[in-house]
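Here the structure is laid out as structure tokens; the discussion comes afterwards.
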Amino acid sequence: TLMFTGFFVNMTYPLFGIFRPLSLWPLSATISVLVGFLCFFAWFRDWDFATPTLINLHEIFSPPVLALSLLPFGAIAGTYLMNFYGTNSLQMIILPIIALVPVVIVCTRFIPEKYYPYAIFTLAITLLYHTALISTHVWGWDIQYEYYLTNTVIQNSIWDFTDYSTCNAMLSLMTLAPIYSILLGTGVEWVFKVIYPFFFALVPVGLYVVFRKQTNEKISFLACFFFMSLFVFYTEMLSLARQEIAELFLVLILLSMIDHGLSRQMRSIFLLTFTASLVVSHYGLSYIFMLLLLIALAITTIDYHVDILGRVNRFLNWIRERTGRFTGLTVQMASFKPSIIPLSFIIWYSLFLLAWYIYVASSSSFDTVVHLARPILENILSDLFNPDAAQGMAIIAKEAATPLHEVAKYLHLLTIFFIVVGFVVTLITRQKEINLNTRFFLLSCGALGICIGGVALPFFASALNTSRLYQISLILLAPFGVIGGIFILDVLYSQIVHERSEGLYDLLPRSLQVFAIFLTVFLLFNSGWVYEFCNDAPTSFALNSSLDSPVFSEQEICGALWLTNAKDGRPVAADTYRVLLLSGFVGRPACCDILSVVSDNVDYYAFIGQRNILQKHVVVTRMIGVTPSIEHIEVADLHEAKNAIYSNGGSRIYYPNSLQVLF
């Protein structure tokens, strides 16, 4: 509602002489009128209060609810200690507590099943805040440019949609964030660090509802915890504000597709609303969802004409007749009907997506997709599974830095193996606890195909980043990971004690407990807790303040602000991490890599950050094939400020070309 209200205000109010529509009074008046209308509509629809909502205070103050409610405050206090005292003691305590919750869920009855959604929300917000609240400024990669664009809208009080930029067409950035910042009277950085993670914490809650309609409570909880455990959830995603909002809409689309309690009219309204919201929130996820729909359409069309599942069943029958084995194996799904995912819905979605990105986004994202698709198609045969071209394969083949990092690598590969096994088990075995929705299964086939493509296809995963691609796929594949894990554990158990379970429900007392312990270990590795505890090549800036990463100090932020006011048209140069900070203040076009301008003798300002000064190095990114690699280059006398025109102890700015001698 806020996104499209901001869009409506921005496009129509200038026609009536209001040339600063995205400012306090136009927004306050418009939203107040809208809320008043919605309140009247709600009263008219339920004027006799036929369905009142009652609050049970006994439940609110019950021990499990209070215990879960303490977790987010622990993360907030832990980040405060890290930011202002440089100690990670509370962070090191809160992460194992979070990691042990699945064990408590599976092995005890301390948390009743009705509290599972609240448990998921508190765990999600705790994991997100334990990294999001590090530093008083936004940290990360893409979010720096998102910060710049959003501030531009706030400063101008209007969104110029004609600017040629993929991010500039995203209402999740250009109207939603400015509205929160203006009406709350707070900086954009706190909108991105507090409000957006709060919304993103609803994604696993929605997934729990989606999974619960197809499996049981414990499998659904573990699937959501598996989704949250991946480091991308609480690191990379927090530096992609637009994708945080988009994933929430994707989950709402899935829920609308599988909820049998919705009427046809309500399902259509929800799907049209949520798909339109997805398109205007993130271009990458929008194109991926379109790809999922097209894969689902292809599967249903081929199966309708070829009867793939029927042929598989006949093949299994042929094996049973000749060998007498596999008597329990049968593909449980009937042949797919072409109308499972209506063609009209796919056409609507595709047309809206293309229309928005061609006409509103000035074709920027459309051009980007075409540009990325060309090398994939040109090299699909020559570079299939080539680590130099397929980023997913390069990551699998890459040697880990330490033995503990090698263990983490195999834990990730094991989860992928669990997903594949779970997918097959769900397809060919009848389990009374699994009632997989056909639409969800078809989209899951597409998600699995995208994962395989990320490993096999040249230049496919590198277009979005392999880790982000895997995280998006887990929205659909997470329950298969749990099903596959407990199935494998049951097979191993049956080999040891020579006892076989009759169904998935019988695995819960033992296999789910072991799998919950596995997820505990998985989270501790992903969060960097194990590396920090063992002092083994730490990876988490939330646990180690000495780690060089795109997290910035107060002095660096002050230096960037000074440079913003003093810059006279010259480009600004910095290393890989510091140039991200500068892009949030002066924009990407005005920033460049420090080594490139030194070698090209370009007239530039040079920005040196706190880590550069303390550790006497600059950070550069080298591409090894399609995989980026971070390198540290030592620079002599970088701790001296002889030629600096600005210095505050934690950042320095050098006059054009005065750094030549250091390189």
Side-chain angles (χ1 to χ4, degrees), residues 67-101 122-140 143 187 189-190 192-194 197-198 201 228-229 231 233-239 401-402 404-405 408 520-559 577-578 580-581 609-617 619 630 632 639 648-651:
L68 291 169
S69 301
L70 286 175
L71 293 177
F73 294 99
I76 295 169
T79 54
Y80 182 85
L81 292 176
M82 277 293 295
N83 288 337
F84 298 104
Y85 296 96
T87 175
N88 65 359
S89 55
L90 191 53
Q91 296 275 62
M92 292 293 288
I93 293 173
I94 201 72
L95 284 173
I97 293 175
I98 296 172
L100 286 172
V101 171
T122 54
L123 293 176
I125 201 69
T126 304
L127 282 170
L128 292 168
Y129 279 168
H130 105 275
T131 51
L133 298 180
I134 293 294
S135 177
T136 56
H137 187 67
V138 290
W139 56 260
I143 199 168
E189 60 271 19
W190 294 109
F192 285 157
K193 292 170 77 68
V194 176
F198 185 88
M228 294 186 293
S229 298
F231 67 92
F233 178 78
Y234 44 85
T235 53
E236 287 189 46
M237 287 302 301
L238 290 173
S239 64
T402 67
L404 278 178
H405 284 266
T520 296
V521 176
F522 187 68
L523 174 62
L524 292 178
F525 270 95
N526 272 267
S527 64
W529 187 92
V530 171
Y531 310 130
E532 188 67 28
F533 183 80
C534 300
N535 194 24
D536 182 88
T539 58
S540 174
F541 57 82
L543 302 177
N544 194 319
S545 58
S546 64
L547 199 65
D548 199 358
S549 59
V551 180
F552 311 107
S553 65
E554 293 285 349
Q555 293 95 328
E556 289 174 318
I557 297 166
C558 291
Y577 291 147
R578 264 52 64 175
L580 293 171
L581 172 65
Q610 185 168 325
R611 290 290 160 212
N612 302 138
I613 298 170
L614 295 177
Q615 300 175 3
K616 302 178 185 178
H617 69 222
V619 181
I630 296 295
H632 297 85
H639 61 289
N648 61 14
S651 67

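- Annotation: salt bridge (charged side-chain N to carboxylate O under 4.0 Å, His left out) contacts involving residues 542-551, sequence neighbours excluded, comprise Asp548-Arg578.
- The backbone N or O of Trp139 lies less than 3.5 Å from no partner atom in the side chain of Lys193, so there is not a single donor-acceptor pair.
- Looking at residues two or more places apart in sequence or on another chain, you find no ring-ring contact (aromatic ring centres under 6.0 Å, His included) involving Phe552.
- For Ser540 and Glu532, the side-chain atoms include no donor-acceptor pair closer than 3.5 Å.
- Partners of Pro197 by side-chain contact (heavy atoms from CB on, under 4.5 Å), not counting sequence neighbours, listed by chain and number: Leu128, Tyr129, Ala132, Leu238, Glu244.
- The stretch residues 71-83 participates, sequence neighbours left out, in no side chain to side chain donor-acceptor pair (under 3.5 Å) pair at all.
- Judged as a ring-ring contact (aromatic ring centres under 6.0 Å, His included), and not counting sequence neighbours, Phe231 has no contacts.
- The ring-ring contact (aromatic ring centres under 6.0 Å, His included) test applied to Phe233 returns Phe200, Phe227, not counting sequence neighbours.
- Partners of Tyr85 under the ring-ring contact (aromatic ring centres under 6.0 Å, His included) rule, at least two apart in sequence or in another chain, do not exist in this structure.
- Although no hydrogens or angles enter the test, the distance criterion places no donor-acceptor pair under 3.5 Å between the side chain of Trp529 and the main chain of Pro96.
- Remark: Asn648 engages Tyr646, Ser651 in a side chain to side chain donor-acceptor pair (under 3.5 Å) (not counting sequence neighbours).
- Residues meeting the side-chain contact (heavy atoms from CB on, under 4.5 Å) test with Thr402, sequence neighbours left out: Leu404, His405, Asp536, Ala537.
- Legend: residues meeting side-chain contact (heavy atoms from CB on, under 4.5 Å) with Thr520, ordered by chain and number and at least two apart, are Ala99, Leu100, Val103, Leu524.
- Applying the side-chain contact (heavy atoms from CB on, under 4.5 Å) criterion to Leu71, with sequence neighbours excluded, gives Leu68, Ile94, Ile97, Leu123, Thr126.
- With sequence neighbours excluded, no residue satisfies side chain to side chain donor-acceptor pair (under 3.5 Å) with Thr131.
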